[in-house]
Amino acid sequence: MKHFNRYLVTAALPYANGPVHIGHLAGCYLPADIYVRYLRSKKTDVKFVCGTDEHGVPITIKAMQENVNPQDIVDKYHKIIKESFDAMGISFDIFSRTSNQVHHETAADFFLKMYKDGLFEEKESEQYFDEIKQVFLADRYIIGTCPNCGNDKAYGDQCERCGTSLSPEELINPRSALSDAVPVKKKTKHWYMPLQNYEPWLKEYIIEGHKEWKNNVYGQCKSWLDSGLHSRAMTRDSNWGIKVPLKDAEGKVLYVWFDAPIGYISATKELTDQWADYWCKEDTRLVHFIGKDNIVFHCIIFPAMLKAHGGFVVPDNVPANEFLNIEGEKVSTSRNWAVWVHDYIKDFPDQQDILRYVLCATAPETKDNDFTWKDFQDRNNNELVANLGNFVNRTMVLMHKLCGGKVPVMHAGVKDAADDAIFTMLQEAKTKISDSIENYRFRDALNEVMNVAREGNRYLQEKQPWILAKTPELQAQNQEVIDNCLHVCLQLTANLAIFINPFLPFTAKKICHMLKVVEKMLEWENAGSMKLVSVGYSLRPPELLFKKVEDDQVKAQVEKLHAGLQQSAAAQAAAAPVVAPPVKEAKAEIQYDDFAKLDLRVGTITAAEKVAKADKLLKLTVDLGTETRTVVSGIAMHFKPEDIVGKQVTLVANLAPRKMKGIESQGMILMAEDKDGRLVFVNPDDAVAPGSGVS
RNA sequence: UGCGAGGUAGAGCAGAGGUAGCUCGUCGGGCUCAUAACCCGAAGGUCAGAGGUUCGAAUCCUCUCCUCGCUACCA
């Protein structure tokens, strides 16, 4: 086993076109932070670097859409992202950004060195170009009609309605997503990196050299290497990014995936003059924490770049996590289905450790996982409050009641097997926790810490010092046993602080405060010691480490999630130009009397549920003010029951009742349907009293 | 389509040929120092499905189904 004298830990550079959500934390930043905090507590030489990734096409697009400069976008999100991480206790040594001067120089130099060594191929190709906006268009930014299903909003790479993968050539009536211009082909030159040249080395490095990598990472790498690598363009046509440092390269920038990982190097340079120790010395262990979408870049392309450039260490491990879903559905930033970190911090002030705990305990280490607010509540209330928090609280309260608020003496004479067992248990726990963290099994490690607290509760239950204190006539002989028990519990509490520190640093600090010990006690080498708090020392009054999460908080968060989804859908509907629906064949003219036969009323949906054994039907309860109607409506494919409760709708109130799936439907709800088959409620512009007539 | 990862008690996970295990929830009992918290016990699983190898399969092989990712210009 190779010995490392220093560590460099990186966490994926968040892309500066939006804030960070809890999936980001769980997948990458939190495990990285736990790992680093653990290493620091072992006094390991470690640097933890990160920063925002501020280049690439999506940022320029967003800027165009919002009519601002790309710089404005990245400034805004750099600030939000940095504040989120700070608040959550993600302890980067530096949180930089790829728009910094140092990075521009570093990345340009890196490219130039490879260029001078003749490691790029120059190739000309034809790319689509938007003549109005004067930019080249990535496939994704060409929109047209899908030849397969007729969707007129298909992208140049894929139709999202029928799932067919496409190329821009196949689109009928293609146009630029930016300007509506018809894209034209234009020749352009780019610099390619022949990745296939590094294949033998990559195989040796990964397939032979890193069999210990996680299954998902190793399997994915093997799959790429087995299927053969190709040349890949390392430059793009754009004005936003790092200018290609060559004479004939006007309007060209480095491909964002070329420049972004170099950001790790630039950030280290900004952090310390000794940066080269961390990047160039063979006894440095380089570890990249990322999400599973980034595997190819960190395991194949970046190592190939480092190898090609020469003089750098390559990653020793890339512990990529899978994805975290929210309430059973995939996170989607565009649909606004996410729990944003800056929102959490506002809604749960000073409770960062609950989120850290839940995200670590349910981290998607081996497969995609689900975050639910109910689970968040359960884990907090049943595990943090009832187990860890409760043990510390019991210990502190009993110490104050039975030992005069001071750390009691350990009386050798009445020391028993149970006391010794705690000592042994701590030694074993220390080994297990170290071992798990060092092998990137953070869930296991955290579970083991909680086991220590559980053992503490069990020990206390077995000793029952509160019973011993009830017989004053035996006071003299019982007090020694009580002293020993509380002495052990207090040492155990101090040990818990050390163990939990990498995971829940805010909590560890609180325990130190109560025990009146300095934070230096949290150093890992102290774990397992029974001499952490000194005999006779008077301690502070107990304060609760965690408080319960109430039902209404859970309810509010779930509602917020759904509200965000609807808001975003509404915003998008408003922003998107309304495509005229195909003109329905005009119906025969009617007289006013025909119209007057309709009894249209506004009602409010008070309940909604899926009809069993029917894909399309929802059973709705509609309040018409004077009465309540049950209506069966064929809208289940478009709306979730919980999303439409409270909505006002227009009801045909005098339609003859009709049974569907055994339920009598007493009316019909008016819906508008557009060309894509999307349904929208036809309802009053402003809320009106239920039962209001429509004419 | 191809490739990769995953599918194990209600939930989250562990187990990689030899009596299916852990945490939480549920149920029953005990305790009262503790945030109605703590402790003990119990119930709960045709290990996605089908076939095969083996004395023996959750574990190895084959096929099928489901979820997610990648499939190279979505950063």
Side-chain angles (χ1 to χ4, degrees), chain A residues 12-17 53-59 61 98 125 127-128 136-142 155-158 165 167-168 190 195 214-224 226-227 229-233 236 241 255-261 291-297 300-301 320 322-323 325 330 358 361-370 372 374-375 378-379 381-383 385-387 389-402 441 443-444 446-448 450-451 454 456-467 469 486 542 544-548:
Chain A
L13 306 185
Y15 198 59
N17 72 340
D53 174 7
E54 306 192 348
H55 299 136
V57 178
I59 282 171
I61 304 283
T98 59
S125 64
Q127 297 273 302
Y128 282 101
F136 281 91
L137 296 165
D139 292 354
R140 189 66 197 257
Y141 296 104
I142 299 172
Y155 295 113
D157 55 352
Q158 193 188 30
S165 35
S167 68
H190 284 293
L195 290 169
K214 290 173 64 169
N215 282 350
N216 55 342
V217 178
Y218 187 85
Q220 189 77 100
C221 291
K222 192 167 182 309
S223 155
W224 270 303
D226 287 349
S227 57
L229 303 176
H230 308 279
S231 289
R232 188 167 170 132
R236 289 289 185 281
Y255 175 37
V256 55
W257 268 114
F258 185 88
D259 106 55
K292 68 172 160 182
D293 50 335
N294 281 186
I295 292 172
V296 65
F297 298 101
I300 309 276
I301 300 178
E322 303 282 302
F323 286 159
N325 295 332
K330 276 203 280 186
V358 174
T362 178
E365 285 181 9
T366 51
K367 64 167 185 190
D368 288 358
N369 235 334
D370 200 27
T372 65
K374 180 77 177 93
D375 183 60
D378 285 347
R379 286 187 185 274
N381 294 2
N382 301 327
E383 297 173 33
V385 173
N387 180 15
N390 198 228
F391 172 70
V392 174
N393 190 238
R394 293 171 86 186
T395 299
M396 293 301 289
V397 168
L398 284 169
M399 181 271 302
H400 279 283
K401 279 189 182 166
L402 308 179
R441 293 194 304 259
R443 271 190 323 219
D444 285 356
L446 181 57
N447 189 37
E448 191 54 42
M450 295 305 278
N451 266 332
R454 215 165 280 124
N457 274 316
R458 200 167 293 153
Y459 169 84
L460 204 45
Q461 188 65 23
E462 196 182 303
K463 291 269 171 172
Q464 304 190 89
W466 53 90
I467 302 281
L486 270 305
L544 299 177
L545 293 178
F546 308 100
K547 59 180 181 189
K548 291 204 151 206

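Residue numbering restarts at 1 for every chain, and letters A, B, ... go by the order of the sequence lines. Keep in mind that what you see is a predicted model, and the values were worked out from it rather than measured.
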Name the nucleic acid region contacted by [X], choosing base, sugar-phosphate or nothing; use a 4.0 angstrom heavy-atom cut-off, strictly under.
X	answer
A:Y255	sugar-phosphate
A:Y141	sugar-phosphate
A:N457	sugar-phosphate
A:A260	nothing
A:E462	nothing
A:V397	sugar-phosphate
A:K401	sugar-phosphate
A:L195	nothing

Nearest-Å distance for atom pair [atom1]/[atom2], residues [X] and [N]:
X	N	atom1	atom2	result
A:D226	B:A72	CG	P	17 Å
A:L398	B:A34	CG	P	8 Å
A:F297	B:C70	CZ	C1'	10 Å
A:I295	B:A5	CD1	P	11 Å
A:F323	B:G12	CZ	P	19 Å
A:N447	B:G21	CG	C1'	12 Å
A:I300	B:C70	CD1	P	15 Å
A:R443	B:G12	CZ	C1'	8 Å

Using atom [atom1] in both nucleotides, what's the gap between [N] and [M] to the nearest angstrom?
N	M	atom1	result
B:C60	B:U1	C1'	29 Å
B:G2	B:G18	C1'	38 Å
B:G44	B:G4	P	39 Å
B:A9	B:G52	P	25 Å
B:G56	B:C66	C1'	30 Å
B:G49	B:A43	P	23 Å
B:A11	B:C70	C1'	29 Å
B:C61	B:G69	C1'	26 Å

Closest listed nucleotide, where the reference is the side chain of A:L229 and the choices are B:A72, B:C73, B:U32: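 Taking heavy atoms from C-beta onward, the closest nucleotide is B:A72.
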Given B:C24, B:C33, B:U35, the nucleotide with the shortest approach to the side chain of A:N382: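 Given the options B:C24, B:C33, B:U35, the side chain of A:N382 is closest to B:C24.
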Looking at [X], I'd like to know whether one of its side-chain N or O atoms comes within less than 4.0 Å of OP1 or OP2 on [N].
X	N	answer
A:R379	B:G25	no
A:R458	B:C40	yes
A:N215	B:G6	yes
A:R454	B:C24	yes
A:R394	B:U35	no
A:N381	B:U35	no
A:K330	B:U67	no
A:T372	B:G12	no

Side-chain donor/acceptor contact of A:Q464 with base of B:C31 under 3.5 Å: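 Not at all, since no donor on one side and acceptor on the other fall under 3.5 Å apart.
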Does any nucleotide pair with [N] by Watson-Crick or G-U wobble geometry, both distances under 3.5 Å, and what is it?
N	answer
B:G45	none
B:A11	B:U23
B:C74	none
B:C60	B:G52
B:G4	B:C68

Residues A:D368 and A:K330 bridged, charged N to O under 4.0 Å: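 Result for this pair is no, no salt bridge flagged.
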Residues A:E322 and A:K367 bridged, charged N to O under 4.0 Å: no
Heavy-atom check, side chain of A:I59 versus side chain of A:V256, under 4.5 Å: no
Minimum side-chain heavy-atom gap A:Q461-A:R394 below 4.5 Å: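 With C-beta onward as the side chain, the pair touches.
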RNA chain B: 5'-proximal contact among A:E383 and A:S231 (nearest heavy atom): A:E383
5'-most by nearest nucleotide on RNA chain B - A:Q461 or A:K292: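 This one resolves to A:Q461.
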Side-chain donor-acceptor contact under 3.5 Å, A:R454 with A:N451: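 There is such a pair (donor and acceptor under 3.5 Å, judged by atom type) between the side chains of A:R454 and A:N451.
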Residue pair A:N216 / A:A320: nearest heavy atoms and the distance that separates them: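 So the two residues come closest at ND2-O, 3.3 Å.
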